[in-house]
Colleague: 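Dropping a structure here in structure tokens format, bear with me for questions.
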Amino acid sequence: MIRHLKILEHALSTIVRRKYKNFAVIVVYSFTIMVLASILFLSHSLKTEAANILSQAPDLIVQRTMAGRHELVPENYVEVIKGNRGVGKITPRYWGYYYDALTGSNYTILGVTGALPEMEMVEGALPSRSGECVVGEGVARARRIGVGDELILVNSQGLGQVFEVAGKFTAASDILTNDLIILGERDVIDFFGFPQGRATDITVEIRNPSEVQNIAGRIKRDLPDARPITKQEIIRTYDAVFNWRSGMMLTIFSAALVSFCILAWDKATGLSGEEKSEIGILKAIGWDTSDILELKFWEGLVISLTSFLLGLIAAFVHVFYFGATILAPVIKGWSVLFPSFKLIPFVNLYQVFVIGFLTVIPYIASTVIPSWKAAIADPESVMRS
Amino acid sequence: MRKHLIFIGITGLELALLAVLFVLSADMVRTKGQRQMNSKSQLVALLGLTDLSLWTEARYTRHPSQADFFTAFQDFPAAIEHFPAGSIVAPLPSVVFLKKK
């Protein structure tokens with residue numbers, strides 16, 4: 001044990017002797033680990049949250065497509081869908097998008113019908129009469145409005161329409177409601193000028209979850225221009241969006257991995273003359289090859305373990321305490337309204353181990369292997385090289 | 001003080017800090033996280049929401065799960081995708097599946 005500690009002590013002295021170089025390596029290495037871990041933490045957290053909350057999404061949504069595009073659905077489709085056994089409540093939905101030229105942002109306007117129960121994530125009240133609305137945090141911020149203020153939107157006839165802000169979604173619900181404006185159903189129909197008897201789509205409740213696919217198939221057979229979308233498909237979409245193979249993950253992940261490979265490759269392609277003569281001297285004064293390998297192992301471990309732990313801590317704080325501020329501009333794209341990430345810290349320890357395995361082990365190997373080549377050579381020739 | 005003691009001390013401190021962060025996060029998931037998740041699930045259930053409000057730049061990025069198969073290239077046949085978020089959103093699993101078939 002004492003022998004190992006002494007070799008570790010010597011390894012640390014070697015690292016301190018080349019402190020500027022090793023410090024630079026630790027900074028780059030930690031940053032690489034931080035980027036990799038941030039992506040994994042962020043995507044896993046978003047994926048888990050999406051899977052949990054979207055499990056309450058409608059069982060089945062029936063759209064209509066025409067010439068490959070989404071088209072308004074005739075309300076009489078409700079009667080056809082009702083003919084299927086096992087189908088529960090069927091609701092036509094009225095919703096659409098609104099481009100706000102004033103702020104250059106896009107809103108989603110959704111109509112609700114009937115009295116909804118009180119919601120924890122709404123400050124104020126839900127629309128109870130015509131002319132009232134509930135806005136998301138992003139809309140409120142963009143328009144600088146709050147509960148009790150007025151929201152003026154231009155309707156399909158080009159006329160300004162005034163809505164009273166009865167409620168506002170809390171910031172905690174940003175990820176779902178940031179760009180959302182809730183109006184009464186009649187208000188949405190009039191605002192967008194929906195043709196008589198047409199809705200955006202239809203939600204279908206299905207009593208037995210194992211029957212969803214069958215019913216979707218039957219709807220497709222009865223209404224060939226319909227496109228049923230199941231809840232499982234919605235959840236799978238978000239699983240794919242935040243999968244490591246998706247665009248964002250792959251781009252940043254591969255950039256970070258390539259930079260790490262360059263770092264490791266630089267180490268693996270050879271030792272400096274100074275390092276070689278140091279190995280020669282150690283051999284000449286009686287160190288075994290195994291001692292030199294252990295010395296190099298400790299050198300690699302000290303740098304990679306320190307960088308790994310620092311990178312992980314930085315990634316955790318960056319994603320869960322600072323809302324992934326470095327990654328957010330990359331993910332944001334051209335979205336004017338973008339929610340602030342207040343993520344629930346779901347962490348997958350398996351991913352942490354994978355990062356550790358993919359970075360710490362190759363770095364140690366790239367430190368030990370070239371040293372092994374020098375350590376098995378004749379000390380005199382190594383010192384002279 | 002010997003250098004190896006300093007190294008072991010710093011590594012121990014980093015490990016402890018990481019452990020505290022993980023334990024705190026697990027606790028947060030159980031308490032605050034669960035409460036938030038229930039409230040968000042209530043929103044989804046009552047309003048019939050289907051997508052996360054992340055990318056508002058185009059219809060198919062605002063509602064990826066509701067987009068039709070052609071939306072990303074809707075302007076003309078073989079049009080190049082022009083919204084940055086389009087490069088972030090992976091193709092729908094059903095589209096990938098169709099291609100494999």
Side-chain angles (χ1 to χ4, degrees), chain A residues 5 8-9 12-13 16 50 52-54 56-58 61 63 65 68-70 93 97 105-106 108 110 112 116 119-121 172-173 175-180 203 229 233-234 236-237 240-241 243 245-248 302 305 309-310 312-313 316 320 331 333-337 339 344-347, chain B residues 2-4 6-7 10-11 14-15 17-18 21-22 24-26 28-29 32-33 35-59 61-71 74 83-94 96:
Chain A
L5 285 179
L8 171 62
E9 184 74 22
L12 289 164
S13 299
V16 170
N52 278 321
I53 57 183
L54 294 178
Q56 296 301 313
I61 290 168
Q63 283 183 351
T65 53
R69 286 169 184 255
H70 179 227
R93 296 198 307 171
Y97 302 106
S105 39
N106 295 317
T108 302
L110 175 71
V112 289
L116 291 171
M119 292 185 211
E120 211 179 300
M121 289 197 154
S173 70
I175 202 164
L176 283 166
T177 60
N178 198 39
D179 70 332
L180 208 56
T203 62
I229 302 167
E233 280 172 343
I234 294 173
R236 276 216 312 273
T237 299
V241 167
N243 193 290
R245 283 174 301 176
S246 69
M248 170 187 69
V302 167
L305 190 64
L309 293 174
L310 284 176
L312 270 189
I313 293 167
F316 199 98
F320 297 122
I331 309 167
W334 287 351
S335 305
V336 175
L337 299 183
I344 299 169
F346 293 106
V347 179
Chain B
R2 287 177 148 199
K3 290 188 193 78
H4 72 264
I6 299 174
F7 168 70
I10 290 174
T11 307
E14 285 172 337
L15 281 170
L17 185 57
L18 207 56
L21 286 173
F22 283 155
L24 280 179
S25 76
M28 212 194 285
V29 168
K32 197 178 157 199
R35 209 175 52 241
Q36 265 194 27
M37 206 82 80
N38 292 342
S39 308
K40 286 179 189 171
S41 299
Q42 186 201 28
L43 270 184
V44 170
L46 292 174
L47 299 176
L49 304 178
T50 54
D51 288 83
L52 302 183
S53 167
L54 287 175
W55 304 288
T56 54
E57 59 201 66
R59 280 182 301 154
T61 57
R62 173 61 180 89
H63 290 100
S65 74
Q66 307 296 298
D68 61 59
F69 299 148
F70 308 102
T71 37
Q74 59 192 302
F83 288 105
S87 59
I88 291 168
V89 181
L92 296 180
S94 50
V96 178

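Chain A is the first sequence line, chain B the second, and so forth, proteins listed ahead of strands; every chain is numbered from 1.
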Colleague: Does Ile6(B) reach the side chain of Leu12(A), with side-chain heavy atoms less than 4.5 Å apart?
Modeller: no
Colleague: Please round to the nearest 0.5 Å and tell me the distance separating atom CG of Leu18(B) and atom CD1 of Ile313(A).
Modeller: 5.0 Å
Colleague: Under 4.5 Å between any side-chain heavy atoms of Ile344(A) and Met37(B), yes or no?
Modeller: yes
Colleague: Is it the case that the side chain of Glu9(A) and the backbone of His4(B) share a donor-acceptor pair, with hydrogens and angles ignored and the cut-off at 3.5 Å?
Modeller: yes
Colleague: Of the backbone (N, CA, C, O) and the side chain (C-beta and beyond), which part of Leu47(B) lies under 4.5 Å from a heavy atom of chain A, both, or neither?
Modeller: both
Colleague: Given the options Leu176(A), Leu54(A), Leu312(A), which has more heavy-atom pairs under 4.5 Å with chain B than any of the others?
Modeller: Leu176(A)
Colleague: Where does Val302(A) contact chain B at under 4.5 Å (heavy atoms): side chain, backbone, both or neither?
Modeller: both
Colleague: Please examine the side chains of Ile229(A) and Thr50(B), heavy atoms only from C-beta on, and report whether any two atoms are closer than 4.5 Å.
Modeller: no
Colleague: So how far is it from Asn178(A) CG to Arg62(B) CZ, rounded to the nearest 0.5 Å?
Modeller: 8.5 Å
Colleague: Contact part of Thr108(A) toward chain B, heavy-atom cut-off under 4.5 Å: side chain, backbone, both or neither?
Modeller: side chain
Colleague: What residue, out of Leu15(B), Leu24(B), Leu46(B), has the most heavy-atom pairs lying under 4.5 Å from chain A?
Modeller: Leu46(B)
Colleague: Check each atom of Leu110(A) against the heavy atoms of chain B and say whether the ones under 4.5 Å are side chain, backbone, both or neither.
Modeller: side chain
Colleague: What part of Asp51(B) gets within 4.5 angstrom of chain A, counting heavy atoms only: side chain, backbone, both, or neither?
Modeller: both
Colleague: Considering only heavy atoms from C-beta outward, does the side chain of Ser25(B) approach that of Phe346(A) to under 4.5 Å?
Modeller: no
Colleague: Between Ser53(B) and Asp179(A), is the side chain to side chain donor-acceptor pair (under 3.5 Å) condition met? List the steps.
Modeller: CA-CA 7 Å; Ser53(B) 167; Asp179(A) 70 332; 3.0 Å; yes
Colleague: Apply side-chain contact (heavy atoms from CB on, under 4.5 Å) to residues Glu233(A) and Ser65(B) and explain how you reach the verdict.
Modeller: CA-CA 7 Å; Glu233(A) 280 172 343; Ser65(B) 74; over 6 Å; no
Colleague: Among Val16(A), Leu305(A), Ile175(A), Leu310(A), which residue has the highest count of heavy-atom pairs closer than 4.5 Å to chain B?
Modeller: Ile175(A)
Colleague: Quick check for you: to the nearest 0.5 Å, what is the distance between Asn106(A) atom CG and Glu57(B) atom CD?
Modeller: 9.0 Å
Colleague: Would you call Leu180(A) and Leu49(B) a side-chain contact if the rule is heavy atoms closer than 4.5 Å?
Modeller: yes
Colleague: If you compare all heavy atoms of Phe316(A) against all heavy atoms of Leu21(B), which two are closest, and at what distance to 0.1 Å?
Modeller: CZ-O, 3.5 Å
Colleague: Tell me, out of Ile10(B), Val29(B), Thr11(B), who's got the most heavy-atom pairs with chain A below 4.5 Å.
Modeller: Val29(B)
Colleague: Chain B heavy atoms under 4.5 Å from Glu120(A): which part of the residue, side chain, backbone, both or neither?
Modeller: both
Colleague: Any idea which heavy atoms bring Met121(A) and Gln36(B) closest together, and the distance?
Modeller: CE-O, 3.9 Å
Colleague: Find out whether Ser39(B) and Met119(A) are in side-chain contact, i.e. whether some heavy atom of one side chain is under 4.5 Å from a heavy atom of the other.
Modeller: no
Colleague: Checking Ile61(A) against chain B: side chain, backbone, both or neither under 4.5 Å from a heavy atom?
Modeller: side chain
Colleague: Find the one option among Gln42(B), Lys40(B), Met28(B) whose heavy-atom pairs under 4.5 Å with chain A are most numerous.
Modeller: Lys40(B)
Colleague: Is Ile234(A) in contact with chain B via its backbone, its side chain, both, or neither, using a 4.5 Å heavy-atom distance?
Modeller: both
Colleague: Go through Val112(A), Leu337(A), Thr203(A) and name the one with the most non-hydrogen pairs under 4.5 angstrom from chain B.
Modeller: Leu337(A)
Colleague: Can a donor-acceptor pair be found between the side chains of Ser41(B) and Gln56(A) at a distance below 3.5 Å?
Modeller: no
